[in-house]
Amino acid sequence: MVIADAHQLWRHVLKCLIEGFGSYAVVGEASDGQGLLERVAATKPDVILMDVALPALDGIHVLRRMAGTIPGPRVIVLSEIEEPEIVREAFAAGAMGYVSKCESAAILRRALVMVRRGFSFLSPSIARALLESLQRGTVSRFSHPQVPLVEVELLKLLAKGCSDRTVASMLGSSLNVVNFYRLDILRRLPRTVPE
Amino acid sequence: MGKIRVLLADDHTILRQGLRKILEADPSFEVVGEAGDGREAVKKAEALKPDVVVMDISMPILNGIEATRQIAKSLPKTKILILTVHENDQLATEILNAGATGYLLKDAASEELIAAIRAVYRGDSYLSPSIAKRVIPQYLDFARGKVPPEEKFSDLTAREREILQLIAEGYSNKEIAQMLYISEKTVKTHRENIMRKLDLHSVAELVRYAIRRGIIQG
């Protein structure tokens, strides 16, 4: 894995936690976007854990630059930014998971497991932020098709902190379907959030 | 000598859990509690009486500045080390004034955090070098008698500053009344006093003011 965060203490803490989970090795660290691209090219990691707020080259641009690499590393964004617009941008640029920094280490671990298996991931507080923006109606009903009820239900369950497995059994569907719905919600998020 | 008892106050749970792991790997530290906002930090500090509180500034409900003020007042023996991303001399001066004795940036290495906790525990002060660089000229100005003009903010009472943050975070009078166990009428009076003292005329102005002062994040 490669970790990128502007703050050294965050990088230390993440390395310490992740290596404590077992089955992960942190092979590189970067404090800015440019450094991250260099570390990724040098170490070819399976997974990247990165903030989107990075100096030199912001996280969304880094994601876009990496999008062409095949097979590319799987990317989880870990940030204190919870704006739906940024979440959408991150996924559109190739991220597979998005975790809020206010979340617990257990949630981070869950994100690593899911993304490593090829599923997408949204942490509960990100799901909550998306749900609130849907409820406030910032997702325009004119330019975007209305989000199906089942997807709203899914967001509600994710916001409560339910795991994918629990959500799947509550909605009577499979992990793959949950994954599809989640990506579909992200696809429906607006390009720009109107005031 | 016993272990240094530490309380961690930061709204980022992952960071708190990681810091706990790092500190507890060193036998001279014991993390006695964690808090996710300023109010919880004050409550836990009063209940646990830690040697050192490691405190973030930007926290919901009650920010680190007010939490520092309250803890410094009720627990004079407890040392407060600020751990923040804000490389801002005004904020640093204000929070040192409020009673913190250390100001460390999150860009520090974990060894530096450990050194800073030890320093404030001993009764020394600790400032990140880049903060010291900004705070010392201010201090020298002060020492030479060039005192900056008194800010209107210091006219506010502790309660008013607490309510200012809650209004800026979007809570209604009713919600604030419930959180602080006071009547809605009292909240209304506080709100009017805050607006008058700071010469603000709308909630939008108040929010902008709160962001500028670092009371909430923009």
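Below, chains carry the letters A, B, ... as their sequence lines are ordered, and counting in each starts from 1.
- Considering OG of S104(A) and CZ of R16(B), their distance stands at 9.5 Å, rounded to 0.5 Å.
- Proximity to chain A is absent for every atom of E34(B), based on heavy atoms less than 4.5 angstrom apart.
- In this structure, Y139(B) places its OH atom where only 12 or fewer heavy-atom neighbours from other residues, nucleotides or ligands lie under 6.0 Å away.
- At least one side-chain heavy atom of L83(B) sits under 4.5 Å from a side-chain heavy atom of L9(A).
- Within 6.0 Å of CZ in R64(A) there are more than 12 heavy atoms belonging to other residues, nucleotides or ligands.
- Atoms SG and NZ, on C16(A) and K21(B) in that order, are 4.5 Å from each other to the nearest 0.5 Å.
- Of all heavy-atom pairs spanning D107(B) and H7(A), the tightest one is OD1-CA, 3.7 Å.
- More than 12 heavy-atom neighbours from other residues, nucleotides or ligands sit within 6.0 angstrom of CG on D124(B).
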Evaluation steps, side chain to side chain contact (heavy atoms under 4.5 Å, CB included), between E103(A) and T13(B): CA-CA 5 Å; E103(A) 230 82 65; T13(B) 312; 5.9 Å; no

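- Atom OG of S110(B) and atom NZ of K15(A) lie 10.0 Å apart (nearest 0.5 Å).
- Interface remark: S31(A) contributes no atoms to any contact with chain B (heavy atom separation under 4.5 Å).
- The structure places CG of D10(B) at 10.5 Å from SG of C102(A), a figure rounded to the nearest 0.5 Å.
- Neither the backbone nor the side chain of I107(A) comes within contact range of chain B; no heavy atoms are under 4.5 Å apart.
- Heavy atoms of A108(B) lying under 4.5 Å from chain A belong exclusively to its backbone.
- Atoms CZ and CG, on R20(B) and L17(A) in that order, are 12.0 Å from each other to the nearest 0.5 Å.
- Of all heavy-atom pairs between A106(A) and Q17(B), the closest is N-OE1, 4.5 Å.
- Two residues are said to be in side-chain contact when any heavy atoms from C-beta on lie closer than 4.5 Å; K101(A) and I14(B) fail this criterion.
- F121(A) CZ: more than 12 foreign heavy atoms inside a 6.0 Å radius.
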